[in-house]
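Notes for the one structure printed next.
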Amino acid sequence: MKRLTNALLVYPKVPDNTYWSFKHALRFVRKKSSMPPLGLITLAAMFPREISLKLVDLNIEKLRKKDLEWADAVFVSAMIIQKDSFEEVVALAGAAGKPVIAGGPYAGSSHKEITGVDHFVLGEVENSFQGFLEDFQAGKAKRLYPPPERPSLDQTPAPRFDLLKMDSYASMSVQYSRGCPFNCEFCDIWKVYGNKPRLKPAESMIRELQTLHDQGWRGPVFVVDDNFIGNKRRVKTELLPAMFRWQKDHKYPFRFFTEASINLAADDALLQGMAAAGFNEVFIGIETPSAEALAETGKTQNLKCDMAQAVMKIQEYGIEVMAGFILGFDSDTEDIVERQAAFIQQTGIPQAMVGILTALPGTELHSRLEREGRLLRVSDGNNTHNTTANFRTKMDAAALEQAYTKLLSIIYDKNLKNYFDRCSKLLDNVGDPSLSMREVKFREIMMLLRSLARQPFTPYGYQYLKFITTRFVKNRRTFSEAVKFSIVGHHFHKITRQMVKAHEAA
C-alpha cells in the first residue's frame, strides 16, 4: 500500500430539507453552510506536518475528480443524518481506488453495517490516531480501531481553522467540553462521552479564539458542547472570566451561542458571566411541558424548576433561548399539541425545534424499545423533518403524524403571526440587551436590504412589515436581532410549508 503523503478530508452533505440546515436563511447572508466540520479540522491538527491535507466540505463545494486523484487516502466523518452523502463519498473514493478511513458518530454506531470502508477509527481519537497512522504507513493497518479510553482534553490540539473557506460559513465552532451529567433516555451523549464532563483549560480556549481572530473571523461562534455548563464551577471561575477579558481587549468581535441544561436559570452568577462574555443564544432541551413524559424519559433536571419561569429568566439576561421539543412519548395525551404550542408561545421562544421522538442506536431508549419488540427501523438521524417515528408508538401513528404537522403549522403558520409575536415577546423581555446585541452594522444593513427586497412579497408579507416597523420604532438597539429573526422565520416558513404540503398530498 502506498504511504500516506496526501490526505483528503471529506465532510458529507447535510440534507437541505431540515430545520437545522437554515438553507433558506443562509441565502440572505450570502453563506453556504451554517457552521464548519469541527471534528475534521480537529483531526487535521493530529496529522504530522509532513502530510499534506485538503478539506472538502460538501455543504459548500463539490468533491472533484482531481481531489481524489491527488489523495493517497480519504478520511470521512459524518452524523447519521449524513448517511446518504457518506455512502456516495465512500463509493466515489472506492471507484478511484483510494482507501477510505471513517470515524465520527455514524461510523461509531453503524460500522457493522457500513460497506466500502477500509478502516474504522472510532470514538475520541486523541489517544489512538497516531497509532493508526503508524500502522497505515507500515502497511499493517487493521480494519477496526475501537473506541479507546476517553481522553483528557488537556492535550487536544487546536483545530486547523486555516483549512476552512471561512467566507462560506455563517458561524465558526469551538469545543470546550465533552460529556453530560444527566441521563436522558433518548440521548446518546452521556453514553458516548460519559457523565463526567471533561474540559479544556481556559487558556486553550482563548488560544483558539485568538487563532480565529487572527484568521480574520468576526461574528458568531458556536461553542458546540452538548452541555456547556456540565461543570458549572469551572465555567464560572475559569472560562467565562477569561473569555470576558479577551472579548473586552478585542472589542467584542464574537457572539457566542451554545447548548445547556435548564438549571442554567438557577445560577445568576453563571448567567451574568455568560452575558458579559458575549453569549446571546443558548439551546435548551425543554422537550415537553408534560411532567409525566419528562419523568418517563429521565429528564429529571426539567422537573426541578418552573420551566416557563426559567426560560424567561435566561432571556432577561439578554440571552435568547432556542429550544427542542418532542412529540411521541408513551405518556403523551391528545391535548399535547395545544400544551406544547401554548408553552412555546407564552415563553417567547422563536426558534422552537420540534421533532418526533426517535430511538437512536446506543441510547437507553433504543435498548428498551428493542427489548419490548417495538423497533421498526434504524433512525436516519433527522428528528425535525420526519413525520413518523422509527418505533411503534403508544399514540396511533397516523394521529401522531397529524399532531406533529399541526404543531408546526401553529408555531410557523402561513402568515408567521405566531412566530413574530414570539420574537417581539423575546425582544421585549431582554430589556437592556447584552453587549453581544450590538448596534446595526454593515452586514446587518445588507441583510435588511435583501430581506426588504423579498419578504414583503411572501404570504406573510404583512406580518413581516408590521414586525420590522414596530421593532425599529420600539427599540433600535435590538433591531439587528429583529432582522435576523425575520430571515430565520423565512426558513422555518418554507420548511414547514413543504412538510405540510407533503403531508396533505399523502
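Computed over heavy atoms, backbone and side chain alike; hydrogens, waters and symmetry mates excluded.
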Checklist entry - With a 4.5 Å heavy-atom cut-off, do Cys187 and Leu360 have their side chains touching? => result no
Next on the checklist: Donor-acceptor pair, distance only, cut-off 3.5 Å: does the side chain of Thr458 make one with the backbone of Gln455?
Outcome noted: yes
Checklist entry - Picking from Arg198, Lys200, Arg178, what satisfies salt bridge (Lys or Arg N to Asp or Glu O under 4.0 Å) with Glu126? => result Arg178
Checklist entry - Heavy atoms, side chains only, cut-off 4.5 Å: are Val174 and Pro159 in contact? => result no
Checklist entry - Is any side-chain heavy atom of Gln463 less than 4.5 Å from a side-chain heavy atom of Lys466? => result yes
Next on the checklist: Can a donor-acceptor pair be found, under 3.5 Å and without considering hydrogens, that links the side chain of Gln315 to the backbone of Gly348?
Outcome noted: yes
Checklist entry - How are the rings of Phe279 and Phe228 set to each other: parallel, tilted or perpendicular (split at 30° and 60°)? => result tilted
Checklist entry - Would you say Tyr193 has more than 12 foreign heavy atoms packed within less than 6.0 Å of its OH? => result no
Next on the checklist: Is there a ring pair (Phe, Tyr, Trp, His ring centres under 6.0 Å) between Tyr176 and Phe256? Walk through the geometry before answering.
Outcome noted: CA-CA 12 Å; Tyr176 173 57; Phe256 297 107; over 10 Å; no
Checklist entry - Are the side chain of Lys98 and the backbone of Val74 linked by a donor-acceptor contact shorter than 3.5 Å? => result no
Checklist entry - Taking the side chain as C-beta and beyond, is there a heavy-atom pair between Gln247 and Pro253 under 4.5 Å? => result yes
Item to check | Any donor-acceptor N/O pair, Gln340 side chain to Glu287 backbone, under 3.5 Å | outcome: yes
Next on the checklist: So Pro37 and Asp57, do their side chains get closer than 4.5 Å, heavy atoms only?
Outcome noted: yes
Checklist entry - When the ring planes of His250 and Trp246 are compared, do they come out parallel, tilted or perpendicular, using 30° and 60° as the limits? => result parallel
Item to check | Check: Val192 and Pro105 side chains under 4.5 Å, non-hydrogen atoms | outcome: no
Next on the checklist: Quick one: does any side-chain atom of Asp72 pair with a main-chain N or O of Asn6 as donor and acceptor, under 3.5 Å?
Outcome noted: yes
Checklist entry - Going by distance alone, is a donor N or O of one side chain under 3.5 Å from an acceptor N or O of the other, for Ser177 and Asp225? => result yes
Next on the checklist: Using modelled atom types and a 3.5 Å cut-off, is there a donor and acceptor pairing between side-chain atoms of Asp188 and backbone atoms of Gly362?
Outcome noted: no
Checklist entry - Where does the angle between the aromatic ring planes of Tyr419 and Phe492 fall among parallel (under 30°), tilted (30 to 60°) and perpendicular (over 60°)? => result perpendicular
Checklist entry - Which of these passes side-chain contact (heavy atoms from CB on, under 4.5 Å) with Phe222: Gln175, Glu259, Arg255, Glu281? => result Glu259
Checklist entry - More than 12 foreign heavy atoms under 6.0 Å from NZ of Lys406: is that the case here? => result no
Checklist entry - Does the Tyr464 side chain pair with the main chain of Phe420, one donor and one acceptor, at a distance under 3.5 Å? => result no
Next on the checklist: Could you check whether any side-chain heavy atom of Asn475 comes within less than 4.5 Å of a side-chain heavy atom of Leu427, counting everything from C-beta outward?
Outcome noted: no
Checklist entry - Side chain of Arg422, backbone of Ile349: donor and acceptor closer than 3.5 Å? => result yes
Item to check | Heavy atoms from other residues, nucleotides or ligands near NZ of Lys54 exceed 12 (cutoff 6.0 Å) | outcome: yes
Item to check | Donor-acceptor pair, side chain of Thr478 and main chain of Glu481, under 3.5 angstrom | outcome: no
Item to check | NZ/Lys31: more than 12 non-hydrogen atoms of other groups inside 6.0 Å | outcome: yes
Checklist entry - Counting N and O atoms only, with roles assigned by atom type, does the side chain of Arg218 sit under 3.5 Å from a partner on the main chain of His213, one being a donor and the other an acceptor? => result yes
Item to check | Arg476 to Phe472 six-membered ring, cation-pi geometry met (6.0 Å, 45°) | outcome: yes
